[in-house]
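Notes follow once the structure below has been shown.
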Amino acid sequence: MKRVAIVGGGAAGLCCACKTAFLAKEQGTRLQITVFEQQPRVGKKLLVTGNGRCNLTNLHAAPEHYHGGTADFVRPALAAFGVEETLAWFREHGLLTVAEPSGRVYPLSDSANSVLDVLRFAIAEKENIRLRPAEPVLEIRRAETGFQVDTEFERVAADFVIVACGGMAGAKVGGVKDGYALLQSLGHSRTALHPALVQLTTETEYPKALKGVRADAHLTLAAKRTVLARTEGEVQFTEKGVSGPAVFDLSRAAATGGEGLTLTLDFLRDYPIRDVFDRLCARREAAPRLTAADLLTGMLHNRLGRTIIRYVNQKADTPLSDLSDAALKEIARACKGFQLPVRGTEGFDSAQVTAGGIRCAEFDARTMESRIAPGLFACGEVLDVDGDCGGFNLQWAWSSGHLAGRLGK
Ligand SMILES: Cc1cc2nc3c(=O)[nH]c(=O)nc-3n(C[C@H](O)[C@H](O)[C@H](O)COP(=O)(O)OP(=O)(O)OC[C@H]3O[C@@H](n4cnc5c(N)ncnc54)[C@H](O)[C@@H]3O)c2cc1C
């Protein structure tokens, strides 16, 4: 009987265990699969994904939504077990899902528990999978045949080892550096690690005043005059800066872009600046006794409108009749180009994913097997692959976990 040790009972590790067990049954191979998990329960991180709703995939999952290792690296895994196959697998195991117009897919129950439960039930059905929670793997060594896997209390022999330890993001729910260290000890190397899909920290004067406000905006992240990234969507102001899906989209570029970055927000992205100026002039004419504090009322969230007035150094109680054309032009410019100097990003604790990881070139993209140590596989976030916000990271975990679970076949 061959023994398979899977290190990490997260999305990739659990999916991998199911695939390995399924194949063994189909091929009549005798396999014993052990999943080692450092936390008291498997799949803890899954429960917090998508704010507890678990955005388990995205209908638009394709190589261009992934960063780090090349697009060519993710392609075979997505081709072997892409969105359709993932949804079919979950459906077969009893999970109903619903897709939002953006392509994000959630369980119909709106509860991440459902996703983990379905995985746990699928595993419980398989007699040859043993889950070993609260048992971190401390060391993996090559043996004469196969590997030796050391936990605190035991040394286990394995013919195949699959490292599915995830990355450093989400420390409270299992984000650790172990996977990198284990793979490095077997000869692998890694790229620099950065938190991604994370809030940006900025100068706080305006964000603090706007804490809790959400706005739809076009966002540009630049290093002096060089644009590093652009996106659009929802921005949420926080005590320390900005958050929200659109900010997450830029966070990778912010984490890797060095110092001196500026975030520019266009809060009226569908209106050309001339149009905005004309509207401000029209309001001044129609209601000259209103004050500057109400100039943008109806166009933007009230607190945002007043903050913009402060941003351009106008007094809130100035009657509109006293605002010159030049002042209105400046306000229009601020609505379309509100600048926040970026200080950095929040750290790995708040990040959803790790940008960087074990070098993909050291693994065969068609099997996820190590080119350095045959019989060793890796999958999920531990590799240098990170996806955009919207279900792409879990899809990578399912796809790469599935491929690794084939054990090279
Ligand atoms: C707050 C938050 C929200 C997110 N929301 C989404 C979302 O909605 N959609 C989406 O696509 N992605 C989301 N992500 C990202 C997604 O959860 C991860 O990319 C995905 O879980 C990675 O899967 P993985 O199996 O590689 O790693 P993980 O799910 O992190 O699993 C790795 C497991 O390995 C265990 N482990 C680590 N070291 C050892 C060791 N030495 N021995 C034994 N076990 C070990 C860990 O405890 C962990 O359980 C979110 C992440 C966070 C933090």
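Predicted, not measured: the structure shown is a model, and the values here were computed from it. In each ligand, atom 1 is the first atom listed, and ligand 1 is the first ligand listed.
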Under 4.0 Å from a heavy atom of [X]: give me the atoms of ligand 1 that qualify, with their elements.
{"X": "Pro136", "result": "42 (N), 43 (C)"}
{"X": "Ala351", "result": "53 (C)"}
{"X": "Phe392", "result": "11 (O)"}
{"X": "Gly174", "result": "46 (C), 47 (O)"}
{"X": "Ala164", "result": "32 (C), 33 (C), 34 (O)"}
{"X": "Phe36", "result": "43 (C), 44 (N)"}
{"X": "Ala397", "result": "23 (O)"}
{"X": "Gln39", "result": "47 (O), 49 (O)"}

Of the protein's non-hydrogen atoms, which lies at the shortest distance from [atom], and what is that distance?
{"atom": "atom 29 (O) of ligand 1", "result": "Ala11 N, 3.6 Å"}
{"atom": "atom 42 (N) of ligand 1", "result": "Val137 N, 2.9 Å"}
{"atom": "atom 51 (C) of ligand 1", "result": "Gln352 O, 3.1 Å"}
{"atom": "atom 5 (N) of ligand 1", "result": "Gly50 N, 3.1 Å"}
{"atom": "atom 43 (C) of ligand 1", "result": "Gln38 N, 3.2 Å"}
{"atom": "atom 34 (O) of ligand 1", "result": "Gly8 CA, 3.2 Å"}
{"atom": "atom 9 (N) of ligand 1", "result": "Asn55 O, 2.9 Å"}
{"atom": "atom 31 (O) of ligand 1", "result": "Gly10 CA, 3.2 Å"}

If you measure from [atom] to every heavy atom of [options], which option wins on shortest distance?
{"atom": "atom 50 (C) of ligand 1", "options": "Leu46, Leu14, Thr49", "answer": "Thr49"}
{"atom": "atom 38 (N) of ligand 1", "options": "Leu47, Val176, Leu56, Leu138", "answer": "Val176"}
{"atom": "atom 41 (N) of ligand 1", "options": "Asn393, Thr354, Asp178", "answer": "Asp178"}

Any N or O of [X] that comes nearer than 3.5 Å to an N or O of ligand 1?
{"X": "Val48", "answer": "no"}
{"X": "Glu381", "answer": "yes"}
{"X": "Glu135", "answer": "no"}
{"X": "Leu394", "answer": "yes"}

Worksheet entry | Derivation of the ring pair (Phe, Tyr, Trp, His ring centres under 6.0 Å) call for Phe363 and His188 | CA-CA 9 Å; Phe363 286 82; His188 284 284; 4.4 Å; yes
Discussion item. Would Arg53 and Tyr106 count as a cation-pi pair here, with the cationic atom under 6.0 angstrom from the ring centre and within 45° of the axis?
Written reply: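 Judged by the rule, Arg53 and Tyr106 form a cation-pi pair.
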Item to complete: Test the Lys211-Phe237 pair against the cation-pi criterion, namely NZ or CZ under 6.0 angstrom from the six-membered ring centroid and within 45° of the ring axis.
Response: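 Verdict for Phe237: no cation-pi partner in Lys211.
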Worksheet item: Under 6.0 Å from the CZ atom of Arg371, do we count more than 12 heavy atoms belonging to anything else shown?
Response: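 Atom CZ in Arg371 is crowded, with more than 12 foreign heavy atoms closer than 6.0 Å.
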Worksheet item: Under 6.0 Å from the CD atom of Glu154, do we count more than 12 heavy atoms belonging to anything else shown?
Response: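 Correct, the count exceeds 12.
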Fill in: Stepwise ring pair (Phe, Tyr, Trp, His ring centres under 6.0 Å) test for Trp398 and Phe90
CA-CA 11 Å; Trp398 313 131; Phe90 275 109; 5.1 Å; yes
Discussion item. If the threshold is 4.0 Å, N to carboxylate O, is there a salt bridge linking Arg269 and Asp266?
Written reply: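 No salt bridge links Arg269 with Asp266.
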Worksheet entry | Ionic contact status for Asp294 with Arg283, cut-off 4.0 Å |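 Between Asp294 and Arg283 there is no salt bridge, as every charged N stays at least 4.0 Å from the carboxylate O atoms.
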Spatial distance of atom [atom1] ([X]) from atom [atom2] ([Y]) [nearest 0.5 Å]:
{"X": "Leu383", "Y": "Glu381", "atom1": "CG", "atom2": "CD", "answer": "10.0 Å"}
{"X": "Leu95", "Y": "Thr86", "atom1": "CG", "atom2": "OG1", "answer": "11.5 Å"}
{"X": "Arg3", "Y": "Asp159", "atom1": "CZ", "atom2": "CG", "answer": "4.5 Å"}
{"X": "Cys335", "Y": "Arg279", "atom1": "SG", "atom2": "CZ", "answer": "11.5 Å"}
{"X": "Thr20", "Y": "Ile129", "atom1": "OG1", "atom2": "CD1", "answer": "7.5 Å"}
{"X": "Arg41", "Y": "Leu47", "atom1": "CZ", "atom2": "CG", "answer": "6.5 Å"}

Please confirm whether [X] approaches ligand 1 to less than 4.0 Å, judged on its heavy atoms.
{"X": "Gly179", "answer": "no"}
{"X": "Gly387", "answer": "no"}
{"X": "Glu37", "answer": "yes"}

Discussion item. Before we go on, tell me: are the rings of Phe147 and Phe160 under 6.0 Å apart, centre to centre?
Written reply: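 Distance test on ring centres: not under 6.0 Å, no.
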